[in-house]
Amino acid sequence: MPSLRIALAQIAPRLGLLEENLEQHRAILADARSQGAGLVVFPELGLTGYLVQDLASDVAMRLDDPRLMDLVEATKGLSAIVSFVEESADHRLFIAAALIEDGRMRHVHRKLFLPTYGLFDERRFFGAGDVLRAVPSRLGVGIGIAVCEDFWHVSVPHLLALDGAQILVNVSSSPGRDLASTSEVGLGTATSWRTLMRTYAQLTTSVAVFCNRVGVDESFSFWGGSEVIGPSGQALFSAPLWDEGLFTVDVDLADIRRERIALPLLRDERPELVARELDRIIAERGGLTRDSTAADGSEPGLDVAPIPAIDGSLR
Amino acid sequence: MTAPERSPAEAAAAAPEPLFELPKELAIDTAVARRVIAAFIRGQLRQAGFEHAVLGLSGGIDSALVAYLTAEAIGPERLLTLLMPYRTSAPASLADAQDVVRRLGCASEVVDISPMVDGFYATQPDASALRRGNFMARMRMAVLYDRSVTWGGLVVGTGNKTETLIGYTTLFGDAACAFNPIGDLYKTQVRQLAVAVGVAEVIIRKAPSADLWPGQTDEDEGAFEYHELDRLLFWMIDRRRTDAELVEMGFDRATVERVGRMVAGSEFKRQVPPIAKLGPRTAGVDYLYPRRRPGSTRG
């Protein structure tokens, strides 16, 4: 299997300026093509900027939007993952990441997990996706696409790998925070992501690609630090933190086969076990069956039992 | 030739006295902080369509640090510093501020706010020091915003996280700004960063003061020491420890309760004033846009 050159577009999208960002995407595709890249990865909401809030409806595009089609047409002989605000026919807004290649839109992933806590407020402005699929690609291997928070849920890389992905791609707009001097690269967020990507690459014996933006939206500073991790969990490339740039890294896709033969974790996965136990847990949470970890006397679907009164009745 | 070997004890004795006490949980990577803050300052200005900045330089460490960081981000030639003494301000404050200006090579202007303040209070000789102090802070704000027009720059905030959390600020006075690069740094972290960027030792060493009346210092007025207060706030706010947990960690119960009240009591100073909800879309409630968006850039 041939070597694949992956180009990481660690850019600083302009907030709300769709046309400017489209133009930059087209320029980067051309640049990456001239550098021999086979896969170009752009960050989450690279076409709109992250903190769009009520601008979301202004910058949203349907999948048949001519502006998006222009970008798709710029991928002759290339694969790319681009991210934007998607508007469905029934006018729901999603954070989407699309695999576009050879002039067609191959697959669209809608962000599944929308963080709405701490500094995040995504669920207020967007709907959550309902579908997770690995997709075949012109690169000869399955690709699994996820957006930022999706990878803070272990089920996502797990399902993508079981579904046939050999390259896991996470596109992010991760704001830097927690500037402790004790962390690996001086930034708590970066340490967390570096740990996650290495772990997923190893556990799924896949190539893991992380593309994170840089630049500033309001209070948030995005820290970059895009990476490509090999199937045994070792970093093949780590982009600098904070710097904008187009970074290329060559990956030997045969490493995936070698790792999976030597370490057949995926062969030994037990999806039927996972599904069975999940069915049970879902039934317990729904109060359809007794919760094995609930206190005696608790109501269906609840796990704490009220204290009985002295006469033995429930208060 | 190599330097003669010294025993660890000799080396320790010869080491300069630390400039300040830094609780270890508050240590930050200053190189990362400088990068983030420089990009933040440039980003805020670019998004707003400005290239220049203006800030009030008091002679204290917070505004000195912000002046250094701003000069580092956009170049000293684009920074205007305003030195705005009142007649009772410590002369050393002005001298220290002028030293910052000299070292940075930025533009500066001295505006004596005494006539403005004294003019207003001429008929109210009994006005308290607190009222006068707040008024001075608001006069300085008014001067900064006037000069932001003539200089064509945004007003950069210089308040730190400690004073913001305990409410040791003047609403619409020193707290007023277009953006604030150090508002998420505790005082001890400000000191750490000030050392890293090369702020003069005399500024780092001197007792923090609002300089609203002679001899005033923050730590006397609030009856705290910054390194202890910062530690307490860090565990209370950033690490979400309950009062009981804080006491168990060794913090004094009365202090924990007092600081908790200061934080809760100053919530209003940290928020945009509420608007009565009447119409379909209300600013800050269900009309939510980034401050800078297409069409908002000047020119």
Side-chain angles (χ1 to χ4, degrees), chain A residues 12-21 45 48-59 116-119 121-126 173-191 213-225 240-244, chain B residues 22-49 73 157 161 178-186 188-190 192-193 195-196 234 237-240 280-297:
Chain A
R14 303 292 304 274
L15 185 57
L17 299 177
L18 192 54
E19 294 298 338
E20 287 185 25
N21 293 323
L45 294 179
T48 62
Y50 176 72
L51 206 68
V52 287
Q53 299 183 297
D54 280 346
L55 288 174
S57 55
D58 295 350
V59 296
T116 306
Y117 57 81
L119 66 171
D121 202 15
E122 294 182 13
R123 198 67 173 89
R124 178 183 175 87
F125 301 101
F126 296 105
S173 283
S174 168
R177 52 207 184 274
D178 200 4
L179 255 63
S181 65
T182 46
S183 70
E184 194 181 354
V185 285
L187 189 68
T189 329
T191 305
R213 63 164 289 185
V214 290
V216 179
D217 281 358
E218 305 285 298
S219 288
F220 298 165
S221 295
F222 301 92
W223 55 276
L241 270 59
W242 315 109
D243 288 336
E244 189 161 11
Chain B
L22 175 68
K24 66 176 188 313
E25 60 268 53
L26 294 177
I28 53 167
D29 188 319
T30 54
V32 173
R34 283 168 83 167
R35 285 212 65 163
V36 171
I37 290 172
F40 173 79
I41 292 170
R42 284 191 296 266
Q44 292 297 320
L45 291 173
R46 191 187 57 228
Q47 285 173 20
K161 187 171 184 170
F179 60 88
N180 182 338
I182 64 162
D184 205 17
L185 292 176
Y186 288 108
T188 46
Q189 295 173 324
V190 165
Q192 200 191 339
L193 197 52
V195 170
F234 175 78
I237 308 289
D238 294 274
R239 294 293 180 234
R240 301 172 191 261
R281 284 185 91 190
T282 309
V285 179
D286 44 18
Y287 174 87
L288 299 173
Y289 284 92
R291 293 157 58 91
R292 303 299 172 189
R293 57 184 177 106
S296 72
T297 305

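Below, chain A is the first sequence line, B the second, and so on; all start at residue 1. Any value given below was found using the heavy atoms of this structure, including those in side chains, with hydrogens, waters and symmetry copies removed.
The pair B:R293-A:D58 does not meet the salt-bridge criterion, since no charged nitrogen lies less than 4.0 angstrom from a carboxylate oxygen. Ionic pairing of A:R124 and B:D286 is not present here: no N-O contact between side-chain nitrogen and carboxylate oxygen is shorter than 4.0 angstrom.
Top candidate by heavy-atom pairs under 4.5 Å with chain A, chosen from B:L288, B:V32, B:D29, is B:L288. Between chain A and the residues B:V36, B:L26, B:T30, the most heavy-atom pairs under 4.5 angstrom are made by B:V36. Contact count against chain A (heavy-atom pairs under 4.5 Å) is highest for B:R35 among B:E25, B:Q189, B:R35, B:R42. Interface check for chain B: of the options A:L15, A:V216, A:L241, the most heavy-atom pairs under 4.5 Å are formed by A:V216.
Minimum heavy-atom separation, A:L17 to B:P294: CD2-CG, 3.6 Å. Summarising the geometry of A:E218 relative to B:Q44, their closest heavy-atom pair is O-NE2, 2.8 Å, with the distance given to 0.1 Å. When all heavy atoms of A:D217 and B:Q47 are compared, the closest pair comes out as CA-NE2, 4.1 Å. The two residues B:P290 and A:Q53 have their closest heavy-atom pair at N-OE1, 2.9 Å. Taking both residues in full, the closest heavy atoms of A:S219 and B:F40 are given as CA-CE1, 4.2 Å, listed atom of the first, atom of the second, then distance.
The contact between B:R291 and chain A is made by backbone and side chain atoms together, counting heavy-atom distances below 4.5 Å.
B:Y289 OH to A:L55 CG: the interatomic distance, rounded to the nearest 0.5 Å, is 6.0 Å.
Counting heavy atoms of neighbouring residues, nucleotides and ligands inside a 6.0 Å radius, atom CZ of B:R240 does not exceed 12 of them.
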